[in-house]
Asker: 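Before we start, here is the structure in question, set down as structure tokens.
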Amino acid sequence: MLLYPSSIDLSSSTLRHLTRQLTARRRELGTRWRRLPAGRQALLALAHLRCGDTYAQLAAGFGIGIATVYRYIREAIEVLCVLAPSLDEVMETARTKAFVILDGTLLPIDRIAVDTPYYSGKHKRHGMNVQVLTDPFGRLLWASAALPGSTHDLTAARSHGIVVALAAAGLKCWADKAYQGAGRHIRVPFRGLRLKRWKRRHNSSHAKIRCVGEHAMAVLKGWRLLRKLRCSTNRITDIVKAVLVLHHAST
């Protein structure tokens, strides 16, 4: 296999943050020796999450076995996902904001046609539904656990407790038409083809506010592993949480 040097478009603070967490984990376990130091393990995990490099590519690049790569990446994700903020913590932070933006995204997965729970009729592909909350400037605040792609956005928001949490916090939220009927705290555009002029103006201003939230989706998809997940669906929630923690560490 040919090898060549490459780069990861992340700040050094992200690497230092993950290195500190892995060092603390090794100290907690009483680890005496490993093939890679904590800094190299952190770099390996970032290459996988950010660049989507496969286990085989990483094994060749770092001079270790594929099984070791798998263990190192899994450990890094486990260390990070426990640091992800809960919905209640995000609601406390969001109280200082004028409003938040709620949107759902589909993370594509590698599945076959028989896996109907994971097939999204809206996107015409298999994937996992993830709900995202952003601030008025489009900064990513929180990402939910991953549900099968066939889950409707409103159903997902209710199952994660987002609707109840927004109502309890008295926080205004902007969302798209998929959240119609979520309650007065979640503002959605008017539906229909022949709308009155004032309703069309409302929808236009609503879209200008909500489109800022698309920046958070771009942030998530900037982590190339999330563009096509080939792992077990049981691990996707932890991966999303790990990415959220790393994103906050880099900003």
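Keep in mind the model is a prediction, meaning the values are calculated, not measured.
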Asker: Using 30° and 60° as the class boundaries, would you call the ring planes of W174 and F99 parallel, tilted or perpendicular?
Answerer: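 W174 and F99: tilted rings.
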Asker: After noting the C-alpha distance and the side-chain angles of E28 and V79, does the key distance pass the side chain to side chain contact (heavy atoms under 4.5 Å, CB included) rule?
Answerer: CA-CA 12 Å; E28 178 185 345; V79 165; over 6 Å; no
Asker: About how many Å separate CZ of R184 and CG of L166, when rounded to the nearest 0.5 Å?
Answerer: 11.5 Å
Asker: Measure the CD1-OG1 distance between I73 and T68 for me, rounded to the nearest 0.5 Å.
Answerer: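 Atom-to-atom, I73:CD1 and T68:OG1 are 11.0 Å apart.
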Asker: Given V245 and Q21, is the side chain to side chain contact (heavy atoms under 4.5 Å, CB included) satisfied, shown in steps?
Answerer: CA-CA 12 Å; V245 171; Q21 300 302 324; over 6 Å; no
Asker: Assert yes or no for the condition that the ring centre distance of H215 to F137 is strictly below 6.0 Å.
Answerer: no
Asker: Within the side chain of T237, is there an N or O that forms a donor-acceptor pair under 3.5 Å with the backbone of A146?
Answerer: yes
Asker: Is there a side-chain contact between Y179 and V163 (heavy atoms, below 4.5 Å)?
Answerer: no
Asker: With side chains defined as the heavy atoms from C-beta onward, is the minimum distance between L49 and I239 less than 4.5 Å?
Answerer: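 They are in side-chain contact.
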Asker: Counting only N and O atoms by type, is there a donor-acceptor contact under 3.5 Å from the side chain of T23 to the main-chain atoms of T19?
Answerer: yes
Asker: Applying a strict under-4.5 Å side-chain criterion to I, L, V, M, F, W and Y, I'd like to know whether L154 and V130 cluster together.
Answerer: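 Different clusters.
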Asker: How close do S205 and H202 get, counting heavy atoms only, and between which atoms?
Answerer: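 Heavy-atom minimum between the residues: OG-O, 2.9 Å.
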Asker: For a quick test of reading the model, state the closest non-hydrogen atom pair linking A216 to V132 and the distance between them.
Answerer: CB-CG1, 4.0 Å
Asker: Nearest 0.5 Å, please: how far is CD1 in I101 from CG in D103?
Answerer: 9.0 Å
Asker: Closer than 3.5 angstrom, by distance alone: can the side chain of H126 be matched with the main-chain N or O of Y119 as a donor-acceptor pair?
Answerer: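 No, because the side chain of H126 does not come within donor-acceptor range (under 3.5 Å) of the backbone of Y119.
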Asker: Could you pull out the closest heavy-atom pair between A156 and Q131, with the gap in Å?
Answerer: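 Closest heavy-atom pair between A156 and Q131: CB-NE2, 3.7 Å.
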Asker: Looking at R95, I want to see if its CZ is surrounded by more than 12 non-hydrogen atoms of other residues, nucleotides or ligands under 6.0 Å.
Answerer: yes
Asker: For A175 and P189, work out which heavy atoms get closest and say how close.
Answerer: O-CD, 3.4 Å
Asker: Tell me, yes or no, whether the heavy-atom count around K221 atom NZ, taken from other residues, nucleotides or ligands under 6.0 Å, exceeds 12.
Answerer: yes
Asker: To the closest 0.5 Å, what do you measure between NZ (K172) and CZ (R187)?
Answerer: 4.5 Å
Asker: When you measure from the side chain of D153 to the backbone of A178, do you find a donor-acceptor pair of N or O atoms at a distance under 3.5 Å?
Answerer: no
Asker: Do the non-hydrogen side-chain atoms of T134 and V212 ever get within less than 4.5 Å of each other?
Answerer: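 No, too far: nothing below the 4.5 Å cut-off.
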Asker: Taking side chain as C-beta onward, heavy atoms only, is H48 less than 4.5 Å from L225?
Answerer: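 Side chain of H48 against side chain of L225, heavy atoms only: contact under 4.5 Å found.
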Asker: Examine distances only and state if a side-chain atom of H123 and a backbone atom of L107 form a donor-acceptor pair shorter than 3.5 Å.
Answerer: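 A pair under 3.5 Å: no.
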Asker: L195: which other cluster members, linking ILVMFWY side chains closer than 4.5 Å, directly or transitively?
Answerer: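 Its cluster partners, ordered by chain and number, are F190, W198.
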Asker: Taking it one step at a time, do F62 and L43 satisfy side chain to side chain contact (heavy atoms under 4.5 Å, CB included)?
Answerer: CA-CA 10 Å; F62 284 83; L43 185 63; 4.2 Å; yes
Asker: Could you see if L87 belongs to whatever hydrophobic cluster contains V164? Use Ile, Leu, Val, Met, Phe, Trp, Tyr and a side-chain cutoff under 4.5 Å.
Answerer: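 Shared cluster, no.
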Asker: Kindly indicate whether the side chain of R50, heavy atoms from C-beta on, has any atom under 4.5 Å from the side chain of T14.
Answerer: no
Asker: Report whether L22 and L244 are members of the same hydrophobic cluster (ILVMFWY, side-chain heavy atoms less than 4.5 Å apart, transitive linking).
Answerer: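 Per the 4.5 Å side-chain linkage, L22 and L244 are co-clustered.
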Asker: Distance from L226 atom CG to L106 atom CG, nearest 0.5 Å?
Answerer: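 It comes to 11.5 Å.
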Asker: Looking just at side-chain N and O atoms, do R25 and Q41 make a donor-acceptor pair shorter than 3.5 Å?
Answerer: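 Per modelled atom types, R25 and Q41 side chains form no pair under 3.5 Å.
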Asker: V82, V90: one ILVMFWY side-chain cluster at the under-4.5 Å cut-off?
Answerer: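 No, it is not one cluster - the side chains of V82 and V90 are not joined through contacts under 4.5 Å.
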Asker: Give a yes or no on whether L140 and I209 share a hydrophobic cluster (residues Ile, Leu, Val, Met, Phe, Trp, Tyr; joining criterion: side-chain heavy atoms under 4.5 Å apart).
Answerer: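 Different clusters.
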Asker: Given 3.5 Å as the limit, does a donor-acceptor pair link the side chain of H160 with the main chain of I162, or not?
Answerer: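 Between the backbone of I162 and the side chain of H160 there is no qualifying donor-acceptor contact (under 3.5 Å).
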Asker: Quick check against the 3.5 Å criterion: does H247 have a side-chain atom that pairs as donor or acceptor with the backbone of L141?
Answerer: no
Asker: Give the minimum heavy-atom separation between L15 and G39, together with the two atoms involved.
Answerer: CD1-O, 3.9 Å
Asker: For the residue pair K122 and N129, establish whether any side-chain heavy-atom pair is separated by less than 4.5 Å.
Answerer: no
Asker: Can you tell me if R125 has over 12 outside heavy atoms packed within less than 6.0 Å of its CZ?
Answerer: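 Not more than 12 within 6.0 Å, no.
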Asker: Give me the atom names and distance for the closest heavy-atom approach of P136 to A98.
Answerer: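 Nearest heavy atoms, P136 then A98: CG-N, 4.4 Å.
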Asker: Rounded to the nearest 0.5 Å, what's the gap from CZ on R34 to CD on E75? Could you check?
Answerer: 4.0 Å
Asker: Less than 4.5 Å apart, any side-chain heavy atom of C173 and any of H185?
Answerer: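 When only atoms from C-beta onward are counted, H185 and C173 do not touch, as no gap falls below 4.5 Å.
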Asker: Taking T54's backbone N and O only, do any of them form a donor-acceptor pair with Q57's side chain (distance below 3.5 Å, no angle check)?
Answerer: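 Looks like yes, one N/O pair under 3.5 Å.
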Asker: So that I can tick it off, tell me whether R74 and E78 are bridged by a salt bridge, with the cut-off set at under 4.0 angstrom between side-chain N and carboxylate O.
Answerer: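 Counted as a salt bridge, because a side-chain N and a carboxylate O are separated by less than 4.0 Å.
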Asker: Are side-chain heavy atoms of L102 and W142 found at a separation under 4.5 Å?
Answerer: no
